[in-house]
Amino acid sequence: GNPNDPELLFRRGMAYYMLGAKDSAKADFDKGATMSATMQAKAAICFVGQGMLLHESKSYPEAKALFTKALSFTDQKDARIYRAIASVYINAETKDIPEAMNMLAKALLLDKKSAENQILMGDAKMTEIEVEFKDRDFGESAYKGNKRTIKVLLDLLTLAFMLYFAKKPFYAMPGRL
């Protein structure tokens, strides 16, 4: 492939990002974003990469501006861009679930059959649920202390005994023969 292809630069940038080499990721995103006017639609994904790095460094307005720029380059008709932006909002340290859901709703309108839309929607909804923990009012846990561990070990030993002698049951009877 073409080493200057924005899509390939974005993928390599994401690989660098996941490996923790953020400077290399930034270099690839920057290179992909500076493509000629004929490749602007393909370069849009690199703006999402740049925005992801800015969002991570808590430069939210600058990140949002890059996301908007990426969407404008594709005339807001590329579901991949919406999914990539939603992914940033879902996976960020400071999550923005309502904005992610908004982006995913737009991606769903453009690409109804994409499984990735559904997966990201599930991730967003799971992140959105707040779990409330409370202490027990009565009783105590059955898993407290070593009693439970001993019972489990005895159950496993019994199960092993039964499985071993299921094949040859007369061996389990001493004094036979």
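By convention here, the first residue in the shown sequence is residue 1.
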Would you indicate whether the side-chain heavy atoms of [Y] and [X] approach each other to under 4.5 Å?
| X | Y | value |
| --- | --- | --- |
| Gln76 | Lys106 | no |
| Phe67 | Met103 | no |
| Phe73 | Ile81 | no |

Please report the interatomic distance [atom1]([X]) to [atom2]([Y]), rounded to the nearest 0.5 Å.
| X | Y | atom1 | atom2 | result |
| --- | --- | --- | --- | --- |
| Leu9 | Ile45 | CG | CD1 | 12.5 Å |
| Tyr17 | Lys22 | OH | NZ | 5.5 Å |
| Thr74 | Lys77 | OG1 | NZ | 9.5 Å |
| Leu66 | Gln50 | CG | CD | 5.5 Å |
| Leu154 | Phe161 | CG | CZ | 13.5 Å |

Looking at Val88, Leu108, Asp111, Ile119, which one forms a side chain to side chain contact (heavy atoms under 4.5 Å, CB included) with Arg83?
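For Arg83, the side chain to side chain contact (heavy atoms under 4.5 Å, CB included) check succeeds only for Asp111.
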
Are [Y] and [X] connected in a single hydrophobic cluster, I mean Ile/Leu/Val/Met/Phe/Trp/Tyr linked by side-chain heavy atoms less than 4.5 Å apart?
| X | Y | result |
| --- | --- | --- |
| Ile85 | Met14 | yes |
| Ile97 | Leu120 | yes |
| Val152 | Leu157 | no |
| Tyr89 | Met52 | yes |

Please give me the minimum heavy-atom distance between [X] and [Y], naming the atom from each residue.
| X | Y | value |
| --- | --- | --- |
| Leu54 | Ala63 | CB-CB, 4.0 Å |
| Ala84 | Val48 | CB-CG1, 3.6 Å |
| Lys58 | Thr94 | NZ-OG1, 4.2 Å |
| Leu53 | Ala25 | CD1-C, 4.4 Å |
| Lys112 | Gln118 | O-NE2, 4.5 Å |
| Gly32 | Cys46 | CA-SG, 3.5 Å |

Checking Lys95 side chain against Ile90 main chain: does a donor-acceptor pair fall under 3.5 Å?
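Pair found, side chain donor or acceptor close to backbone of Ile90.
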
Quick check against the 3.5 Å criterion: does Ser72 have a side-chain atom that pairs as donor or acceptor with the backbone of Lys69?
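Such a contact is found between Ser72 side chain and Lys69 backbone.
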
Taking it one step at a time, do Leu71 and Phe47 satisfy side-chain contact (heavy atoms from CB on, under 4.5 Å)?
CA-CA 9 Å; Leu71 289 169; Phe47 286 106; over 6 Å; no

Crowding at CG, Asp155 (>12 non-hydrogen neighbours, <6.0 Å)
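Yes, CG of Asp155 has more than 12 neighbouring heavy atoms, counting only those of other groups under 6.0 Å.
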
A quick test of your reading: do over 12 heavy atoms of other residues, nucleotides or ligands sit less than 6.0 Å from OH of Tyr164?
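No, OH of Tyr164 has 12 or fewer neighbouring heavy atoms, counting only those of other groups under 6.0 Å.
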
Ring-ring centroid check Phe10 Phe29, cutoff 6.0 Å
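Yes; Phe29 has its ring centre under 6.0 Å from that of Phe10.
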
What do the steps show when you test His55 against Lys64 for side-chain contact (heavy atoms from CB on, under 4.5 Å), and what is the final call?
CA-CA 8 Å; His55 194 275; Lys64 192 163 180 101; over 6 Å; no

Evaluate the side-chain contact (heavy atoms from CB on, under 4.5 Å) criterion for residues Lys125 and Met101: first the C-alpha distance (whole Å), next the side-chain angles of each, then the deciding distance (0.1 Å), finally the verdict.
CA-CA 8 Å; Lys125 286 181 179 180; Met101 296 292 263; 3.6 Å; yes

Could you walk me through whether Thr158 and Met162 pass side-chain contact (heavy atoms from CB on, under 4.5 Å), step by step?
CA-CA 6 Å; Thr158 303; Met162 292 174 70; 3.9 Å; yes

So that I can tick it off, tell me whether Arg80 and Asp78 are bridged by a salt bridge, with the cut-off set at under 4.0 angstrom between side-chain N and carboxylate O.
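A salt bridge is present here (some side-chain N lies under 4.0 Å from a carboxylate O).
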
